[in-house]
Amino acid sequence: MAEQANPFESLQEQIDDASAHLDVADDVRERLKHPERVLELNLSVELDDGSLERFRAFRSEFNGDRGPYKGGIRYHPGVTRDEVKALSGWMVYKCAVVDIPYGGGKGGIVVDPSDYSAAEVERLTRSFAEELRPFIGEDKDIPAPDVNTGQREMNWIKDTYETLENTTEPGVVTGKSLESGGSEGRVEATGRSTMLTAREAFEYLDRDIEGASVAVQGYGNAGHIAAYLIEDLGANVVAVSDSSGAVYAEDGLDAREVKEHKNETGSVTGYDGADEEFSNEDLLTLDVDLLVPAALENAIDGDLARDVRADVIVEAANGPLTPEADDVLTEADVHVFPDILANAGGVTVSYFEWVQNRQRFYWTEERVNEELERHIVSAFDDLTECYESLDLPNFRTAAYVVAIQRVIDAFTDGGTWP
Ligand code: GLU
C-alpha cells in the first residue's frame with residue numbers, strides 16, 4: 001500500500017492550489033498555511049486499578065482572524081500532531097465558507113476510548129479540560145465533539161471549566177446535551193448538511209436524487225444520519241460500511257434499521273437485510289451515483305481514485321481524499337463536493353448553540369433546521385458561482401477560493417500589530 005498522505009501537507013497543498021486563483025501575496029499565503037499556536041500535552045490520568053497512564057494530547061489554534069478558534073476534539077489512537085494541525089486548518093476554511101464568525105481550531109487525544117471505563121474517560125477528559133482552561137472560553141477557543149466524542153465529553157468539559165472559573169459560561173463548548181445547554185438539531189447537523197449538499201449538488205448537475213444509488217463509507221454520527229436523510233429524499237442507499245466491513249443490497253438497505261443493528265451488535269456487518277458483504281475498499285469503488293465518505297482522512301488515495309466509479313462524491317468526513325485523489329477524480333470528471341461545505345452543518349449548529357447560550361434564549365428544532373438550510377444553500381450558491389466565474393478545475397478549489405478570500409479580508413481589515 002502507498003505511504004499515507006500527511007494531512008497537514010494535504011491542507012497546505014489545497015491552500016496553494018486555491019491561492020493560485022487569488023491575488024494573494026506570498027507572505028500572506030505563508031500565514032494562511034500554518035497554525036498560530038499548537039499546545040502539546042502529556043496528561044497523567046489515574047486508571048481504575050490505581051496506576052497512572054500517560055496520554056498525549058494536542059490543541060491547535062490555526063487562525064483567529066474571523067473570530068474565536070472553533071473546532072472539535074477527537075479521541076483516536078491514530079491522532080498525531082500533524083493531523084490535529086490539518087484538522088484545525090480545515091476548520092478555519094470551513095467556518096469561512098459557511099460565513100460564520102469563527103476562526104479554526106482542533107484538539108485530539110491519542111486514545112481508543114473503548115479500551116477504558118467511563119470513569120477513566122471522564123478523568124481523562126477533565127484532565128484535558130483543566131489544561132485547556134487558560135486557552136478556551138466563549139470568546140477565545142470553543143471545543144466541540146469530533147470522532148469518538150459527543151455530548152457526554154462536552155458536558156464534562158463545560159462542568160470542569162465552569163467549576164474552575166467559578167462562573168456560568170455554557171458557550172465555552174458546543175455539542176452539549178440539551179440539559180447542559182445544547183441545541184436542538186446539533187446531533188443531526190453534520191449529516192443534515194451532507195444531505196443538503198447532495199440535494200443541491202444533484203439539482204445543480206441536473207440529476208435526479210430520487211432513485212439515485214448511494215454508498216456511505218463510515219456509519220458513525222455523520223455517516224448514518226447522512227444515509228437516512230438522503231434516503232428520505234427518495235435515494236436508494238445500496239451500501240454502507242464501518243470498520244468491520246460493508247453491507248450491500250441492490251434494492252436498497254434500510255439506513256435506520258442498519259443503525260439499529262449496529263447499536264445492538266457493534267457493527268453493520270451481519271445485518272440480515274443485506275444481499276452481500278464486502279470490504280470498505282470494495283464499497284469505495286462501487287458503481288453508484290453518489291458516494292459519501294464519512295469516516296477518516298485519506299480514505300481515497302491516488303491509486304484507489306483510479307478505480308472509483310461513482311459520479312458524484314459528497315464528503316461527510318474531514319479530508320477523506322488525498323490531493324492526488326483529487327487530481328485523478330478531477331481528470332475523470334467525478335464531481336467532488338468538499339468536506340468544508342458538506343460537513344459544515346456540525347459547526348454551523350454549534351454556532352447556533354453558542355448564540356443561544358449567550359442569549360440564554362433557546363430555539364425550536366424547526367428554526368435550527370431552517371437556519372442551517374439557509375446557511376448551507378447560500379454557501380453552495382457562493383461556491384458554484386465562484387466555480388463558474390473563475391472557471392475553476394473543481395468545487396474544492398472554489399470552496400477554498402471563497403474561504404481564503406474571506407480570511408484575507410478579515411486579516412487585512414484588522415491590520416497587523418507591530
Ligand atoms: N468536529 C466537527 C467538525 O469537524 C464540529 C466542530 C464544531 O462544532 O466546532 O466540523
Side-chain angles (χ1 to χ4, degrees), residues 7 11 58-64 66-76 79 83-98 100-109 132 136-151 153-155 157-158 170-177 181-194 196-197 218 220-223 225-226 293-297 314-320 338-357 368 371-372 375-376 379 399 403:
L11 165 79
F58 308 93
R59 180 79 184 168
S60 168
E61 297 180 337
F62 201 95
N63 181 293
R66 301 185 77 255
Y69 308 103
K70 184 84 190 83
I73 292 178
R74 70 171 52 178
Y75 291 179
H76 196 275
V79 163
E83 182 198 40
V84 173
K85 279 159 62 178
L87 290 161
S88 68
W90 285 324
M91 287 308 302
V92 176
Y93 301 106
K94 187 184 301 187
C95 293
V97 95
V98 285
I100 55 176
Y102 289 137
K106 198 76 160 205
I109 305 184
L132 288 176
I136 60 176
E138 62 181 11
D139 289 317
K140 295 184 192 168
D141 181 353
I142 307 145
D146 198 80
V147 174
N148 291 331
T149 59
Q151 294 182 339
E153 288 73 18
M154 300 309 116
N155 298 343
I157 293 173
K158 168 183 172 274
V172 64
V173 61
T174 59
K176 304 174 295 285
S177 65
S183 175
E184 296 285 356
R186 175 62 185 82
V187 172
E188 275 204 336
T190 307
R192 183 167 290 277
S193 62
T194 304
L196 291 167
T197 303
N221 182 54
I225 292 167
L296 293 172
E297 303 91 76
V314 174
E315 297 178 331
N318 288 308
D339 48 4
I340 61 169
L341 170 71
N343 71 27
V347 73
T348 303
V349 176
S350 276
Y351 166 54
F352 301 157
E353 179 175 332
W354 179 80
V355 167
Q356 295 169 72
N357 288 157
V368 169
E371 294 274 1
L372 174 61
H375 271 75
I376 299 297

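First listed ligand is number 1; within each ligand, the first listed atom is number 1. These values consider heavy atoms only, across backbone and side chains, with no hydrogens, waters or symmetry-generated copies. Everything numeric in this text was worked out from a predicted model, so none of it was measured.
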task = Just do the side chain to side chain contact (heavy atoms under 4.5 Å, CB included) check on F352 and E371 with the steps written out, would you?
result = CA-CA 9 Å; F352 301 157; E371 294 274 1; 3.5 Å; yes

request  = Enumerate the atoms of ligand 1 whose separation from the nearest heavy atom of V347 is less than 4.0 angstrom.
outcome  = 7 (C), 8 (O), 9 (O)

query = Which one of A144, A222, G346, P145 has a non-hydrogen atom at the shortest distance from atom 2 (C) of ligand 1?
reply = P145

query = Can you name the closest pair of heavy atoms from D339 and E315 and give their distance?
reply = N-OE1, 2.7 Å

ask   = Among protein heavy atoms, which lies nearest atom 8 (O) of ligand 1, and at what distance?
value = S350 OG, 2.6 Å

request  = Would you check whether G71 reaches within less than 4.0 Å of ligand 1, judged by its heavy atoms?
outcome  = yes

Numbered atoms of ligand 1 (with element) below 4.0 Å of D146, judged on heavy atoms = 1 (N), 2 (C), 4 (O)

Spacing of CD1 belonging to I376 relative to CZ belonging to R192, to within rounding of 0.5 Å = 11.0 Å

Ring pair (Phe, Tyr, Trp, His ring centres under 6.0 Å) between Y102 and Y69, worked out = CA-CA 6 Å; Y102 289 137; Y69 308 103; over 10 Å; no

Close-contact set for ligand 1 against M91 heavy atoms, below 4.0 Å = 3 (C), 4 (O), 6 (C), 10 (O)

query = Is N318 touching ligand 1 with its side chain, its backbone, both, or neither, if touching means heavy atoms under 4.0 Å apart?
reply = side chain

query = side-chain hydrogen bond (donor to acceptor under 3.5 Å, both in side chains) with S183: which of Q356, K176, E353?
reply = Q356

inquiry  = Could you work out, for atom 5 (C) of ligand 1, the closest of K70, K94, R186, K106 by heavy-atom distance?
reply    = R186

task = Report yes or no: do N343 and T190 form a side-chain donor-acceptor pair below 3.5 Å?
result = no

